[in-house]
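The next block holds one structure in the form of structure tokens; read it before the comments.
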Amino acid sequence: MSIFSKVGFKLDYVSALNKFPSRQNVIISTTPSTHPIKWRYKDLQNNYSKTHGQKTPNFLIDLNSIIGTFYHSQTDDHETDNWKCRRIFHCTSKQFEKCITTNSCLKSSSSLTADEYKNYIVAEPNQWADLDSLRITFEEIVKATKFPTPIRTPKGQHNVLRFDDYLQKLFTFIDTKKSNAKN
């Protein structure tokens with residue numbers, strides 16, 4: 001777990017892959033994935049199956065762009081349709097319906113380095129910390145900060161809205177954990 005309190009800059013995923021090839025949160029790869037194909041949006045899966053009879057469209061597996069073909073990273077556990085369509089291209093269900101009609105990704109051959117695809121956030125270099133060695137759980141953070149809503153959403157995302165008021169409690173908790181780890 002890393003924690004940061006200020007965004008340093010944003011990168012496109014291709015630049016993130018080149019700059020940070022071993023980070024788990026870089027969601028693309030140059031190697032085909034062996035992930036089992038999972039759908040987040042079952043209604044879209046049903047629409048695709050009714051129209052084309054296949055369980056998984058090939059255009060979901062490959063991410064073809066003007067600079068090469070990329071795949072779903074082995075370290076990313078998001079569903080296949082969510083990984084490419086929502087997280088990379090920010091497609092809506094209506095846009096995906098158009099892809100179903102053509103049986104192809106309408107954003108194939110896009111420039112993944114365009115500003116609109118700069119979704120990889122890099123922390124401000126002097127305002128982040130790698131806390132993996134402390135093995136802090138989300139439950140410990142909730143208990144220490146008394147944050148009134150779940151930090152993890154039902155889909156496993158991080159609910160940090162309105163968390164600013166609790167940051168000092170979090171930093172105090174982390175400092176205590178670091179101090180205890182040294183002893």
Side-chain angles (χ1 to χ4, degrees), residues 1-48 51-52 54-130 152-164:
M1 172 196 293
S2 294
I3 187 167
F4 62 92
S5 59
K6 185 175 180 184
V7 172
F9 56 94
K10 292 170 68 174
L11 290 174
D12 60 85
Y13 282 108
V14 176
S15 298
L17 177 63
N18 291 329
K19 189 169 179 143
F20 310 112
S22 60
R23 285 194 180 171
Q24 288 186 344
N25 62 345
V26 175
I27 65 174
I28 64 171
S29 172
T30 55
T31 307
S33 174
T34 58
H35 271 290
I37 303 300
K38 299 181 292 183
W39 287 73
R40 178 174 183 181
Y41 301 97
K42 302 297 183 194
D43 56 328
L44 295 174
Q45 179 183 16
N46 291 336
N47 290 350
Y48 185 84
T51 306
H52 299 288
Q54 295 173 200
K55 190 168 187 175
T56 305
N58 288 333
F59 69 82
L60 276 185
I61 298 168
D62 301 340
L63 177 58
N64 298 310
S65 73
I66 62 172
I67 58 174
T69 300
F70 298 92
Y71 305 93
H72 194 175
S73 172
Q74 283 297 125
T75 59
D76 182 56
D77 63 354
H78 286 81
E79 300 86 349
T80 307
D81 58 328
N82 190 33
W83 158 74
K84 180 179 182 180
C85 302
R86 303 291 171 129
R87 296 181 72 216
I88 300 286
F89 288 131
H90 305 282
C91 292
T92 64
S93 293
K94 285 184 180 184
Q95 289 170 314
F96 191 85
E97 290 286 352
K98 292 175 183 175
C99 295
I100 290 172
T101 301
T102 63
N103 198 22
S104 64
C105 174
L106 296 177
K107 293 193 178 178
S108 275
S109 300
S110 293
S111 173
L112 293 178
T113 58
D115 283 347
E116 65 197 274
Y117 302 124
K118 289 187 177 180
N119 303 315
Y120 187 85
I121 297 172
V122 179
E124 180 66 37
N126 297 322
Q127 295 186 20
W128 76 280
D130 184 352
R152 253 186 196 239
T153 67
K155 293 288 185 184
Q157 294 139 333
H158 311 290
N159 182 8
V160 294
L161 299 176
R162 299 177 310 264
F163 193 74
D164 288 350

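All heavy atoms count here, side chains included; hydrogens, waters and symmetry mates do not.
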Test side chain to side chain contact (heavy atoms under 4.5 Å, CB included) on Arg86 and Ser93 and set out the steps.
-> CA-CA 9 Å; Arg86 303 291 171 129; Ser93 293; 2.8 Å; yes
Chi angles and distances behind the side chain to side chain contact (heavy atoms under 4.5 Å, CB included) call for Thr51, Thr101 = CA-CA 8 Å; Thr51 306; Thr101 301; over 6 Å; no
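Under the 3.5 Å distance criterion, the side-chain polar atoms of Asp81 are matched with a main-chain donor or acceptor of Arg40. Panel note: side chain Gln74, backbone Thr34; a donor-acceptor pair is recorded below 3.5 Å.
Annotation: side chain of Cys105 is in contact with side chain of Phe89 (closest heavy-atom distance under 4.5 Å). For the pair His52 and Pro57, the minimum side-chain heavy-atom distance is 4.5 Å or more.
The minimum heavy-atom distance between Lys98 and Leu106, with the atom names listed, is CB-CD1, 3.6 Å. Of all non-hydrogen atoms in Tyr117 and Leu112, the two that sit nearest each other are CB-O, 3.6 Å. Minimum interatomic distance between Thr56 and Trp39 (heavy atoms only, all atoms of both residues): OG1-NE1, 4.0 Å. Closest heavy-atom contact between Arg87 and His78: NH1-ND1, 3.0 Å.
Scored by the ring-ring contact (aromatic ring centres under 6.0 Å, His included) test, Tyr71 finds no partners at all (sequence neighbours excluded). For the side-chain hydrogen bond (donor to acceptor under 3.5 Å, both in side chains) test, residues two or more places apart in sequence or in another chain that qualify with Ser104 are Thr102. Take Lys19 and apply the side chain to side chain contact (heavy atoms under 4.5 Å, CB included) test, not counting sequence neighbours, and it matches Phe9, Leu11. Listed by chain and residue number, nothing satisfies the ring-ring contact (aromatic ring centres under 6.0 Å, His included) test with His90 (two or more places apart in sequence, or in another chain).
With a 6.0 Å radius and a threshold of 12 heavy atoms from other residues, nucleotides or ligands, Lys42 has its NZ atom above the threshold.
Between Cys91 atom SG and Asn82 atom CG the span is 11.5 Å, to the nearest 0.5 Å. The CH2 atom of Trp83 sits 13.5 Å away from the NZ atom of Lys38 when rounded to the nearest 0.5 Å. Between the SG atom in Cys85 and the CD atom in Glu79 there is a gap of 12.0 Å [rounded to 0.5 Å].
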For residues 58-70, which side-chain N or O atoms pair as donor and acceptor with protein atoms under 3.5 Å away, sequence neighbours left out?
residue, atom, partner, partner atom, Å
Asn64, OD1, Thr69, OG1, 2.9
Ser65, OG, Ile67, N, 3.3
Ser65, OG, Gly68, N, 3.4
Ser65, OG, Gly68, O, 2.9

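Sorted by first and then second residue, the ring pair (Phe, Tyr, Trp, His ring centres under 6.0 Å) pairs involving residues 16-38 (not counting sequence neighbours) are Phe20-Tyr120, His35-His72.
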